[in-house]
Amino acid sequence: MRKSGRGRAAVLATARVLGRVAPVMLGVVVAVFFLLRLVPGDPAAMILGERATPQALAALRAQLGLDLPLWQQFTDFLWGLITRFDTGDSLVTGVSTRELILAKAPVSLGIVVFAVVLAVIIAVPLAVTAALRQDGWADHLVRILPAVGMGMPLFWIGLLLIIVFGVQLRWFPVGGVGTGPGEPLLSLFLPALAVALGMAPPLIRSLRAQLIEVLAADFVTTLRAARIPERRILSRHVLRGAALPTLTLLSVNTAYLIGGTLVVEKVFGINGVGTLLFQSIGTRDFPVVQGVALYCAVLVVLVTTLAGVLSAVLDPRLRAAEALRGSDALAAGGVPAGGHSPDGAVR
């Protein structure tokens, strides 16, 4: 019964989140297409150079479809996105946007995953130490560190890591990604650490506050009275209950995480999606910029969906709420079955 309840909660949570994906993605598509065209500059002039003749510029605009009405450009863009899952060929290189992004995506995704792992490794021990030693010197120190970290921009953190660990200590390579045994991991460590140090402070603060709240709960007192080892109480009960709000916060900060990754790639000279984005913005390569923006939006939606499903699976209260919403949705009439409203309130 417990497994079936978790499975049903996961299905309902996934369906509810996916129901909100289509409007969000449509809004992203519309915003990216029209806002990008508000930026001054002519892609044809940037491709051919300042000395290009008006005839050459007109011919290139016609070849690229830039002379078409804006509404027709938008419908062509949507049709290509629906039929080919592509935002078109690059205006500069002529290569498919999908191919360009897929070639750069593994490096960027590697930094994102590596940064999440490092952020969790940094945040969990510090938050647990601060919560177990509340109002002690360790707690005060942990509370100061996030404030300092949140005041430092990512590019500055990256530069400090390069100077200390790359230039002076020579522990890690800087600039590009190596291809030898173990070199990709070493090359991505400092960029991922820079992103992790930027996203760890809010995770530490959130997890510390939740741990303190859970440690003061009555069930923890009951478990301690039953002489259950403190380590078992902390690992099986306290951390699990306190991790859910932090998981939600982590999913909310996904956009910050991806944006930080794109900036850090530029600092460390890594040829990933971030470098591709900055180059495409400089050359006014509309299809590539649109493709990168949609790639980031899809990644944010996927992470948010996964976090919602995991929260529903791990939290019995969310499973019960999802089951209640599901039964309400199947009920006919204005008043749902069981005397509950769609939001779970008793009428």
Side-chain angles (χ1 to χ4, degrees), residues 110-166 169 171-172 185-186 188-217 219-220 223-224 228-261 263-264 267 303 306-307 310-311 314-315:
I111 297 177
V112 170
V113 175
F114 206 172
V116 171
V117 173
L118 291 177
V120 172
I121 293 175
I122 295 171
V124 172
L126 292 178
V128 171
T129 301
L132 294 179
R133 295 168 175 81
Q134 185 180 4
D135 295 329
W137 66 268
D139 184 24
H140 292 302
L141 181 61
V142 172
R143 293 168 67 181
I144 292 174
L145 290 177
V148 176
M150 294 178 68
M152 300 177 64
L154 283 181
F155 72 88
W156 178 249
I157 296 176
L159 290 176
L160 290 179
L161 293 178
I162 290 175
I163 294 173
V164 175
F165 297 103
L169 298 179
W171 288 357
F172 299 95
L185 191 64
L186 290 176
L188 296 182
F189 181 82
L190 288 183
L193 181 60
V195 179
L197 291 176
M199 65 181 299
L203 298 181
I204 295 173
R205 297 177 63 178
S206 173
L207 186 57
R208 172 191 171 274
Q210 295 299 324
L211 284 171
I212 292 175
E213 181 178 348
V214 176
L215 285 171
F219 78 91
V220 176
L223 292 174
R224 288 171 175 168
I228 296 177
E230 191 73 19
R231 180 174 297 179
R232 184 177 179 182
I233 295 175
L234 182 64
S235 61
R236 289 196 174 186
H237 303 279
V238 177
L239 274 176
R240 181 175 179 178
L244 291 176
T246 306
L247 177 63
T248 303
L249 178 63
L250 180 61
S251 66
V252 171
N253 287 338
T254 305
Y256 170 81
L257 170 64
I258 297 175
T261 301
V263 173
V264 166
V267 174
V303 173
L306 180 60
L310 290 177
S311 299
L314 295 176
D315 194 343

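Keep in mind the model is a prediction, meaning the values are calculated, not measured.
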**Q** Quick check for you: to the nearest 0.5 Å, what is the distance between Leu190 atom CG and Leu197 atom CG?
**A**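 Answer for the CG-CG pair, Leu190 versus Leu197, is 10.0 Å.
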
**Q** For Ala192 and Ala115, work out which heavy atoms get closest and say how close.
**A**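 Smallest interatomic distance, heavy atoms only, reads O-CB, 3.6 Å.
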
**Q** Looking at every non-hydrogen atom in both residues, tell me the closest pair between Ala119 and Ala196 and how far apart they are.
**A**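 Minimum heavy-atom separation between Ala119 and Ala196: N-CB, 3.6 Å.
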
**Q** Would you check if the side chain of Ser206 reaches a backbone N or O of Pro202 as a donor-acceptor pair within less than 3.5 Å?
**A**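 Judged by distance alone, no pair lies under 3.5 Å.
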
**Q** Could you report the tightest heavy-atom contact between Ala123 and Leu203, atom names first, then the distance?
**A**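 Closest pair (atom of Ala123, atom of Leu203, distance): CB-CB, 4.0 Å.
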
**Q** To the nearest 0.5 Å, tell me how far Ile111 CD1 sits from Thr261 OG1.
**A**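 Rounded to the nearest 0.5 Å, the CD1-OG1 separation comes to 6.0 Å.
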
**Q** Roughly how far, to the nearest 0.5 Å, is the CG atom of Leu126 from the CG atom of Leu207?
**A**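 These two atoms lie 10.0 Å from each other.
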
**Q** Checking Phe189 now: which residues fulfil ring-ring contact (aromatic ring centres under 6.0 Å, His included) with it, not counting sequence neighbours?
**A**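 Only Phe114, Phe172 meet the ring-ring contact (aromatic ring centres under 6.0 Å, His included) criterion with Phe189.
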
**Q** Minimum heavy-atom separation for Gly158 to Val267, with atom names?
**A**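 Closest pair (atom of Gly158, atom of Val267, distance): C-CG1, 4.3 Å.
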
**Q** Please give me the minimum heavy-atom distance between Thr129 and Pro125, naming the atom from each residue.
**A**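 Shortest heavy-atom separation between Thr129 and Pro125 comes out as OG1-O, 2.7 Å.
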
**Q** Tell me, please, which residues at least two apart from Ile212 pass side-chain contact (heavy atoms from CB on, under 4.5 Å).
**A**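 By the side-chain contact (heavy atoms from CB on, under 4.5 Å) rule, Ile212 matches Ala131, Gln134, Arg208.
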
**Q** Can you tell me how far CD1 of Ile122 sits from CG of Leu193, rounded to the nearest 0.5 angstrom?
**A**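 Leu193 atom CG to Ile122 atom CD1 measures 5.5 Å (nearest 0.5 Å).
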
